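Accompanying notes for the structure given below.
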Amino acid sequence: MNSDEPELHRHHHHKHHKHHKKTWTPWKIILLVLGILVLAGGAFAAKVYYDVDQTAKTVYKDKGKTQNKRKANQAVKLNKKTPFSILLLGTDTGELGRTEKGRTDTMILATVNPQTKQTNMLSIARDSRVTIAGYGQKRKINSAYALGGIPMTINTVQSFLNVPVDYYVMMNMKGLEQLVDAVGGVTVDNDLDFTYEGHHFEKGPVTLDGETALKFSRMRYDDPRGDFGRQLRQQAIIQAVLKKATSLNLVTQYNKFLQILENNMQTNMTLKDVLNIQHNYGDAMNFKTKQLKGTGQMIDGQSFQVMSPNEVSNMSTLLRNQLDLK
């Protein structure tokens, strides 16, 4: 993969598939699976806990050498309901035969505050032009992962927005496809009639399996909203998966979800973290979506989203307030 490939060369060739994304709230799937512990009892509950614990250990990977953006007295204590942030990443690895590291073409920074009973979800455009932390050059923000993995990605987001990234969850594209298929497909409301990769998506309710869900989430060039329209479709798919999963009998199917997570996800959240969030942050599950829009610009043959200092500063203030950081 040539990370410096001019965007113009890809603009008219969708089949290069540089625009795949997704996955944001996989940690909610863990919470969903854990929820059956409330309904299950005795030996079965113990078996479920053991299986979930094994999955949590398998997918755990720490942040590595990242800059600590919190002061000592601001440390996150989930048992004390400290507001926290989580960076949700979707890579273009794991689908269409890809095995290389890829890029984080989906980036959402969620700030969770149980006091305000709110979770802000900031979608960061993959083409946002930022200084890559530790690299010293301005590039597309989604290249940080290809250049330096999770540490460089987290440091870049922290530097760009001046907020701490406490946790991260990353899932590859194959995981999204498998999750959609695992719940038996999903139905979402489509607000734009379009055809992409040989499949026509009519305006109105559309029913998607894993393969068509990925296609639905990829398209952006035929959407007048560009990357932001794509982000809305991605959110719709994730929400539909979560809604469908809650209606399933997870007592008999939870292992299927755990296997998908093990094969496609990594995070620095432990099982104890997840249980604390489930217990202490239920009031914060009122979601509000945010976007940094910027302006589209061509620079050195590549297309970028360029944010004004004022727009970034205003968003930083909003996020820091949400995290109770003064």
Side-chain angles (χ1 to χ4, degrees), residues 22-31 63 66-90 104 106-126 128 130 133 141 144 150 153-170 227-228 231-232 234-236 238-239 242 267-270 272-294 305 307-326:
K22 220 29 193 175
T23 99
W24 315 347
T25 48
W27 63 283
K28 286 195 202 171
I29 297 293
I30 297 179
L31 294 179
K63 294 189 294 185
T66 58
Q67 300 164 356
N68 186 354
K69 297 289 287 187
R70 284 183 178 271
K71 298 177 182 178
N73 63 351
Q74 298 172 339
V76 173
K77 298 179 180 179
L78 296 177
N79 61 335
K80 300 289 183 63
K81 298 186 177 182
T82 305
F84 69 91
S85 67
I86 178 169
L87 183 62
L88 307 168
L89 304 168
T104 49
T106 291
M107 304 182 75
I108 296 180
L109 182 64
T111 52
V112 186
N113 189 320
Q115 281 74 50
T116 63
K117 299 184 178 180
Q118 188 176 111
T119 293
N120 284 333
M121 300 186 72
L122 171 65
S123 294
I124 304 173
R126 64 189 289 277
S128 299
V130 304
I141 197 169
I150 289 297
T153 301
I154 289 176
N155 285 336
T156 297
V157 171
Q158 290 186 147
S159 177
F160 175 47
L161 295 171
N162 190 31
V163 294
V165 173
D166 302 308
Y167 300 101
Y168 80 92
V169 173
M170 184 173 69
D227 202 42
F228 304 112
Q231 292 169 3
L232 293 174
Q234 294 171 352
Q235 292 179 18
I238 294 298
Q239 291 170 8
L242 294 173
T267 179
N268 67 326
M269 300 177 72
T270 65
K272 182 178 179 181
D273 293 333
V274 174
L275 291 172
N276 267 319
I277 291 171
Q278 182 191 39
H279 181 71
N280 296 317
Y281 292 80
D283 288 343
M285 296 300 109
N286 174 29
F287 293 94
K288 290 194 174 182
T289 58
K290 307 289 182 182
Q291 291 179 329
L292 276 171
K293 295 187 176 180
Q305 288 297 122
M307 317 303 168
S308 71
N310 188 54
E311 181 182 10
V312 175
S313 177
N314 289 340
M315 183 59 68
S316 174
T317 298
L318 185 152
L319 296 175
R320 292 185 66 84
N321 287 341
Q322 175 75 352
L323 292 173
D324 287 347
L325 300 176
K326 307 304 180 184

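Quick caveat: nothing in here was measured; it's all calculated off a predicted structure.
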**Study point:** Evaluation steps, side chain to side chain contact (heavy atoms under 4.5 Å, CB included), between Gln118 and Asn113
**Key:** CA-CA 6 Å; Gln118 188 176 111; Asn113 189 320; 5.6 Å; no
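- Closest non-hydrogen pair, Gln158 versus Gln67, comes out as NE2-O, 2.8 Å.
- Side-chain atoms of Asn276 never come within 3.5 Å of backbone atoms of Asp273 as a donor-acceptor pair (strictly under, hydrogens ignored).
- Put simply, the side chain of Val163 does not reach to within 4.5 Å of the side chain of Gln322, judged on heavy atoms.
- In this structure, Ser316 and Asn162 approach most closely via the heavy-atom pair OG-CB, 3.6 Å.
- Distance CD1/Ile86 to CD1/Ile277: 6.5 Å, rounded to 0.5 Å.
- Of all heavy-atom pairs between Lys69 and Gln74, the closest is O-OE1, 4.5 Å.
- Under the 3.5 Å distance criterion, the side-chain polar atoms of Ser159 are left unmatched by any main-chain donor or acceptor of Thr156.
- Applying the ring pair (Phe, Tyr, Trp, His ring centres under 6.0 Å) criterion to Tyr167, with sequence neighbours excluded, gives Phe84.
- Between the CZ atom in Arg320 and the OG1 atom in Thr111 there is a gap of 12.0 Å [rounded to 0.5 Å].
- Between Leu88 and Met121, some side-chain heavy-atom pair lies under the 4.5 Å cut-off.
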Check your understanding: Could you go step by step and tell me if Gln234 and Ile108 meet the side chain to side chain contact (heavy atoms under 4.5 Å, CB included) rule?
Key -> CA-CA 11 Å; Gln234 294 171 352; Ile108 296 180; 5.9 Å; no
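- One distance of note links NZ of Lys81 with CG of Asn280; it measures 5.5 Å at 0.5 Å rounding.
- Side-chain contact between Ile150 and Leu89: present, with at least one pair of heavy atoms (C-beta onward) separated by less than 4.5 Å.
- Contact check for Leu319 versus Leu325: no side-chain heavy atoms found under the 4.5 Å cut-off.
- Shown here for Thr119 and Ala110, the closest heavy-atom pair between the two residues is CG2-CB, 4.1 Å.
- Between the side chain of Thr267 and the backbone N or O of Tyr168, at least one donor-acceptor pair lies under 3.5 Å.
- Under the ring pair (Phe, Tyr, Trp, His ring centres under 6.0 Å) criterion, Phe160 pairs with no residue, sequence neighbours left out.
- Here the NE2-CG distance, from His279 to Asn79, works out to 9.5 Å after rounding to the nearest 0.5 Å.
- Residues passing the side chain to side chain donor-acceptor pair (under 3.5 Å) test with Asp166 are Arg70, Ser85, sequence neighbours excluded.
- A side-chain donor-acceptor contact under 3.5 Å links Thr82 to the backbone of Lys77.
- Gln305 places no side-chain N or O within 3.5 Å of a backbone atom of Arg126 that could act as its donor or acceptor partner.
- Side-chain contact check for Leu292 versus Leu122: some heavy-atom pair is nearer than 4.5 Å.
- Across all their heavy atoms, Val165 and Lys63 have their closest contact at O-NZ, 2.8 Å.
- Note that the CD1 atom of Ile124 and the CE atom of Met315 stand 9.5 Å from one another [nearest 0.5 Å].
- To the nearest 0.5 angstrom, Met107 atom CE is 4.5 Å from Ile141 atom CD1.
- Shortest non-hydrogen contact noted between Gln115 and Pro83 is OE1-CG, 3.8 Å.
- No hydrogens or angles considered: nothing links the side chains of Ser313 and Asn310 as a donor-acceptor pair under 3.5 Å.
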